[in-house]
Structures are given as structure tokens and as C-alpha cells.
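Values below: every heavy atom of this structure, side chains too, minus hydrogens, waters and symmetry copies. Residues take their numbers from the sequence shown, with the count starting at 1.
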Amino acid sequence: MALDLKAIADALAARFAPGVVTPPTGYPNIIASTATPPNALPQSPYVVVWATSGEITYNPGQRRGEHEFTVDFHYAKHEGDIPRESAALLSWLGVLLNCLHGQMMLGLAPIVMKAVVVSYSFGAISYAGVVFDGITLTVRVWTQEAVTLVP
């Protein structure tokens with residue numbers, strides 16, 4: 001098995017899928033979660049996973065990586081009802097933070113060592129010209145694989 005960032009992004013999206021997530025009481029569940037961004041979001045809540053950056057280091061016979069992915073949770077189109085939107089996002093945050101706890105290796109061991117949420121932010125998230133109220137999670141994924149380096 002070789003490093004496959006698309007497979008990692010897909011596995012992250014699967015951890016935020018509607019069949020895996022239980023929404024907070026009184027809120028609708030996620031419609032879809034994907035690492036293949038659509039041209040527009042048909043409905044919300046909707047999760048889109050993006051690969052954003054990474055660092056690779058080499059040791060004899062080994063390549064290690066630290067990769068950052070952004071998980072954008074688009075709760076609803078921004079309507080300016082700040083108390084309602086704030087309550088919804090605060091209710092969702094704990095649910096989203098726990099999505100990786102059950103499978104930190106994303107089912108991609110031995111390449112993926114762990115994937116954890118390292119930060120989050122609240123606010124407006126633009127997607128295809130539409131502004132959503134949402135939460136952005138930064139997920140760090142550590143990888144390790146054997147490689148043969150030839151001079």
C-alpha cells in the first residue's frame with residue numbers, strides 16, 4: 001500500500017457521513033460528506049473535505065508525513081440570525097470533534113498512524129458564491145511507509 005491522499009480524504013469524509021453521525025437533538029443530520037467537492041451544495045448541512053498542506057520527511061527506508069486537511073461543515077445558508085446560528089454551531093461542535101475518535105487510523109493502517117482534529121473555527125464559509133454559517137475543522141494526519149531510496 002502506498003500513500004494515497006485521495007483515499008485519506010475519502011476516509012475522512014466517511015467519518016462525517018450521515019450514517020455515522022448522530023446530530024444534536026433538534027437539528028437535522030448531515031446530508032452528505034465528500035472529498036470530491038460538487039459544483040454547488042444542493043442542501044445543508046453538508047461536509048466537504050479538502051487536502052490543504054503537508055510535510056514529508058525521509059529516514060533510511062522510510063517516508064513520514066504530516067498532512068493537514070480542512071473539514072468544512074456547512075450548517076446552513078447565512079441568514080443573519082446570529083443567536084440561532086450560534087446555538088446550532090455550538091451544538092454541532094462536540095459532535096464533529098468526536099467523529100474521528102472511533103477510527104483514528106481511518107481504516108488505512110499501516111500507512112495512516114492517526115488522524116485527529118487539532119483546531120476549529122466558527123464563521124462564514126463561502127462555497128461557490130454562497131455564504132454558509134459553519135465550522136471549519138483542521139485535521140492532522142500522520143503517515144508512515146517503507147520506501148526504497150535509490151541514489
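- Screening residues 34-52 for side-chain hydrogen bond (donor to acceptor under 3.5 Å, both in side chains) gives Lys6-Thr36, Trp50-Asp72 as the qualifying pairs, with residues at least two apart or on separate chains.
- Using a 4.5 Å cut-off on side-chain heavy atoms (C-beta onward), Pro45 and Pro28 make contact.
- Under the 4.5 Å side-chain heavy-atom criterion for ILVMFWY residues, no single connected hydrophobic cluster contains both Val147 and Ile111.
- Heavy-atom contacts from other residues, nucleotides or ligands closer than 6.0 Å to CG of Leu149 number more than 12.
- Taking 4.0 Å as the cut-off between side-chain N and carboxylate O, Glu79 and Arg84 count as a salt-bridged pair.
- Tyr58 is listed as a side-chain neighbour of Ile56, based on a closest heavy-atom distance under 4.5 Å.
- Taking hydrophobic clusters as Ile, Leu, Val, Met, Phe, Trp and Tyr residues chained together by side-chain heavy-atom distances below 4.5 Å, Tyr27 shares a cluster with Val71.
- Following chains of ILVMFWY side-chain contacts shorter than 4.5 Å, one cannot reach Val48 starting from Leu93, and the two form parts of different hydrophobic clusters.
- Between Ile30 and Pro18, the shortest heavy-atom distance links the atoms O-CB, 3.1 Å.
- Summarising the geometry of Ser126 relative to Val131, their closest heavy-atom pair is OG-CG2, 3.7 Å, with the distance given to 0.1 Å.
- Atom CG of residue Leu96 and atom CD1 of residue Ile135 lie 5.0 Å apart, to the nearest 0.5 angstrom.
- Between the CD atom of Gln144 and the CE atom of Met113 there is a distance of 5.0 Å, given to the nearest 0.5 Å.
- Applying the salt bridge (charged side-chain N to carboxylate O under 4.0 Å, His left out) rule to pairs touching residues 128-142 yields Glu68-Arg140, sequence neighbours excluded.
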Check the pair Phe69 / Ile8 against side chain to side chain contact (heavy atoms under 4.5 Å, CB included), numbers first and verdict last.
CA-CA 9 Å; Phe69 290 80; Ile8 293 171; 3.6 Å; yes
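- Applying the side-chain hydrogen bond (donor to acceptor under 3.5 Å, both in side chains) definition to pairs two or more places apart or across chains, those involving residues 98-122 are Asn98-His101, Ser119-Thr138.
- You'll find the side chain of Val95 stays beyond 4.5 Å of the side chain of Pro23, heavy atoms only.
- Considering CD of Glu145 and CG of Asp4, their distance stands at 10.5 Å, rounded to 0.5 Å.
- The shortest non-hydrogen separation linking Ala14 to Val20 is O-CG2, 3.5 Å.
- Distance check, rounded to the nearest 0.5 Å: CE of Met105 to OG1 of Thr143 gives 11.5 Å.
- The aromatic rings of Trp92 and Phe73 sit tilted, their planes meeting at an angle between 30° and 60°.
- At a threshold of 4.5 Å between side-chain heavy atoms, the hydrophobic network of Ile, Leu, Val, Met, Phe, Trp and Tyr places Met104 and Leu3 in two separate groups.
- Contact record, Val21 with Cys99: CG2-SG, 3.8 Å, taken as the closest heavy-atom pair.
- Within the 3.5 Å criterion, the main-chain N or O of Ala87 finds a donor-acceptor partner in the side chain of Ser91.
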What verdict does the side chain to side chain contact (heavy atoms under 4.5 Å, CB included) test give for Leu100 and Val116, after you've listed the backbone C-alpha separation in whole Å, the side-chain angles of each residue and the deciding distance to 0.1 Å?
CA-CA 7 Å; Leu100 296 177; Val116 296; 5.6 Å; no
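- Atom-to-atom distance recorded for Leu41:CG and Ile31:CD1 is 11.0 Å, nearest 0.5 angstrom.
- For the atom pair His78 NE2 and Phe132 CZ, the distance stands at 12.5 Å (nearest 0.5 Å).
- By the criterion of side-chain heavy atoms lying less than 4.5 angstrom apart, applied directly or through intervening Ile, Leu, Val, Met, Phe, Trp or Tyr residues, Leu97 is grouped together with Phe122 in one hydrophobic cluster.
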Which is it for Tyr127 and His74 under the side chain to side chain contact (heavy atoms under 4.5 Å, CB included) test, yes or no, and what are the steps along the way?
CA-CA 9 Å; Tyr127 193 97; His74 302 84; 3.9 Å; yes
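- Considering every non-hydrogen atom in both Ser33 and Ala13, the closest pair reads OG-O, 2.7 Å.
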Between Ile125 and Thr136, does the side chain to side chain contact (heavy atoms under 4.5 Å, CB included) criterion hold? Intermediate values first, please.
CA-CA 8 Å; Ile125 303 173; Thr136 297; 3.6 Å; yes
